[in-house]
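Because the structure is a prediction, the values reported are computed rather than measured. For the numbers below, each heavy atom of this structure counts, side chains included, while hydrogens, waters and symmetry mates do not.
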Amino acid sequence: MLTFRALGPFQACHGGNPVDLGGQRQMAVLARLLVAGGRAVPVSMLIDELWPGEPPAQALSTVQGYVSRLRRALEPGRAPREEAEVLVSAPPGYALRAAPDQVDTWTFERAVKATGEPAEVWERLGRALALWRGPALAEFSDLQWAATEAGRLEELRLVAVERRADAGLRLGQSGALVADLEAHASAHPLREEAWRLLALALYRSGRQGDALGALRRARALLREELGLDLGPALQRLESDMLVQAAHLDLPPAPSAAGETREVRDAATSAVSPASAASAISAETSRPRTLRVVVADDQALVRTGLRVVLDSEPGFQLVAEAEDGEQAIAAVRETSPDVVLMDIQMPRLDGLTAARRILADDAPPKVIMMTTFGTDDNLYAALRAGVSGFVLKTSAPEQLISAMRAAQAGDALIDPAVTTRLIAAFAGRADPSVPPALAGLGDTDLDLMKLVARGLTNRQIAATLSVPEHSVAQSVTRLLDHLGLHDRAQLVVAAYESGLVNPGGPGR
């Protein structure tokens, strides 16, 4: 059987024997079609992506030559006039035709998306992770499409590692998992799920002091790197460990497929329950499902977000869109709670679409997504009333937090986006910006600095040791005083007024 491998050195194999795929750029054609997941890639796009910036004069005939040679290598027994069955013509370009089990990346992604009972998840993800033989698509790392896909696959790999560890904890393998989870958390210190799993594995192994120590290390790292405290889930876990809450002990085996994540979420969201009844109460009091529309012209990005939303309880993907016009139509048809919107899309860009969506009666919350955070449109979007900014490369937890914050009337603006964006526009005058912060006391200015750093109301409340509702009231009062209508505009005002310096702490 013909197989394709991209989770490590890029290969095509016949019966386990590698196929000669030619030179680097010829291999890149096949890799790009593999990344497209069976969809057609126009020849013009192949040319632009193979030769970024300046394609050669004979680029079209060169690509056609690459395809011809790849077809002979992949189907050596095909007659000269017989139509290709693997690398097929799909006007206006080409596509790769293969079954999911012929491509390691497709097999891996399907395994990560699937649900099941703990034993099934443990075995399936173990086999899926064994497909990795090294960094994905490393041969093509200088090409943007390959770097983007490699990042997406790496994120899926980390999710698979954590889901498998979660299943292992439910199967009573806490002690055996500690070493691997320690290495995972050390390699990815900003992933709070890694620290949660490590702390829980230590706790269930009878190492309560080490479990609390792991959470202290996580807190120190987050404060040093991001200036943030532990997230709510880790704070609850720490509190429950201090009182030796009963629900932290090994739970009974789930009774139905797909229940694993729900049982875990009920356990981590309950605050020191005294009995099973309180855990059930926590489960039934979970917030309603948030209905989400995803708008992005890249199918790979939409697929990645679909995986995130499908795996997270409390979220439902109700529609997808490839451009701004489709996004507007999807919103009006489905009435979602939240829209995840790419800033750059064909036909109608994300910023214009967001403005039109927000102009409707009772609009949903709109969260903008960006890859680099350095575009002019991003600056304009901060002033347009969006409810948050996230990088496409953000961890799934960041995306989920942004949607929950937006629905709660709060906002999460990725600090990396804010800092890089405002740094690019530092000193730019804007007549609509408040000329000064007259009338604001030190407390208000400190609050404004924290908002400008991208902290949510809950995070600000934890930082200042005040009730969250007091923070919300203070932010509202600040907006009224400055004549602003949106929290994102408050971020812009903080930078433009000089209260916060790009790339550095507030002065």
Side-chain angles (χ1 to χ4, degrees), residues 192 218-219 222-239 269 271 285-288 290 314 337-338 365-368 382-383 385-390 394 397-419 422 433-434 436-501 504-507:
E192 294 197 30
R219 175 179 282 111
L222 289 170
R223 284 179 174 173
E224 180 179 350
E225 295 292 329
L226 303 177
L228 301 177
D229 199 355
L230 297 179
L234 289 186
Q235 291 187 33
R236 286 193 293 268
L237 179 59
E238 184 177 44
S239 298
S269 63
V271 180
S285 63
R286 186 179 295 164
R288 68 180 180 85
L290 294 185
D337 300 298
V338 179
K365 304 295 184 181
V366 177
I367 298 171
M368 303 306 294
L382 277 172
R383 308 194 61 80
V386 299
S387 295
F389 253 140
V390 291
S394 296
E397 295 83 355
Q398 186 86 341
L399 296 170
I400 295 299
S401 296
M403 288 185 281
R404 285 181 171 146
Q407 185 57 23
D410 203 345
L412 191 152
I413 304 173
D414 193 306
V417 175
T418 303
T419 300
I422 302 300
V433 174
L437 304 180
L440 297 182
D442 289 343
T443 301
D444 289 330
L445 294 176
D446 287 341
L447 175 62
M448 199 167 175
K449 292 176 186 177
L450 293 173
V451 172
R453 283 172 50 197
L455 272 65
T456 65
N457 286 350
R458 177 173 296 181
Q459 292 166 337
I460 294 172
T463 301
L464 301 179
S465 299
V466 298
E468 186 176 347
H469 67 84
S470 297
V471 175
Q473 292 172 354
S474 297
V475 171
T476 300
R477 182 170 48 78
L478 260 178
L479 292 172
D480 291 342
H481 178 82
L482 296 173
L484 303 174
H485 71 272
D486 182 84
R487 186 187 188 95
Q489 292 183 346
L490 193 61
V491 174
V492 177
Y495 279 92
E496 291 178 326
S497 66
L499 181 64
V500 177
N501 296 319
R507 68 183 187 187

Of the non-hydrogen atoms in Leu447 and Val475, which two are nearest, and what is the gap between them?
CD2-N, 4.0 Å

Is any side-chain heavy atom of Arg236 closer than 4.5 Å to a side-chain heavy atom of Ser239?
no

Gln473 CD to Leu478 CG distance, which is reported to the nearest 0.5 Å
12.5 Å

If you define the side chain from C-beta out and look only at heavy atoms, does anything of Arg219 sit under 4.5 Å from Arg223?
yes

So, Glu192 side chain and Gly231 main chain: donor-acceptor pair closer than 3.5 Å or not?
yes

Heavy-atom closest contact (Gln235 atom, Asp229 atom, distance):
NE2-OD2, 3.9 Å

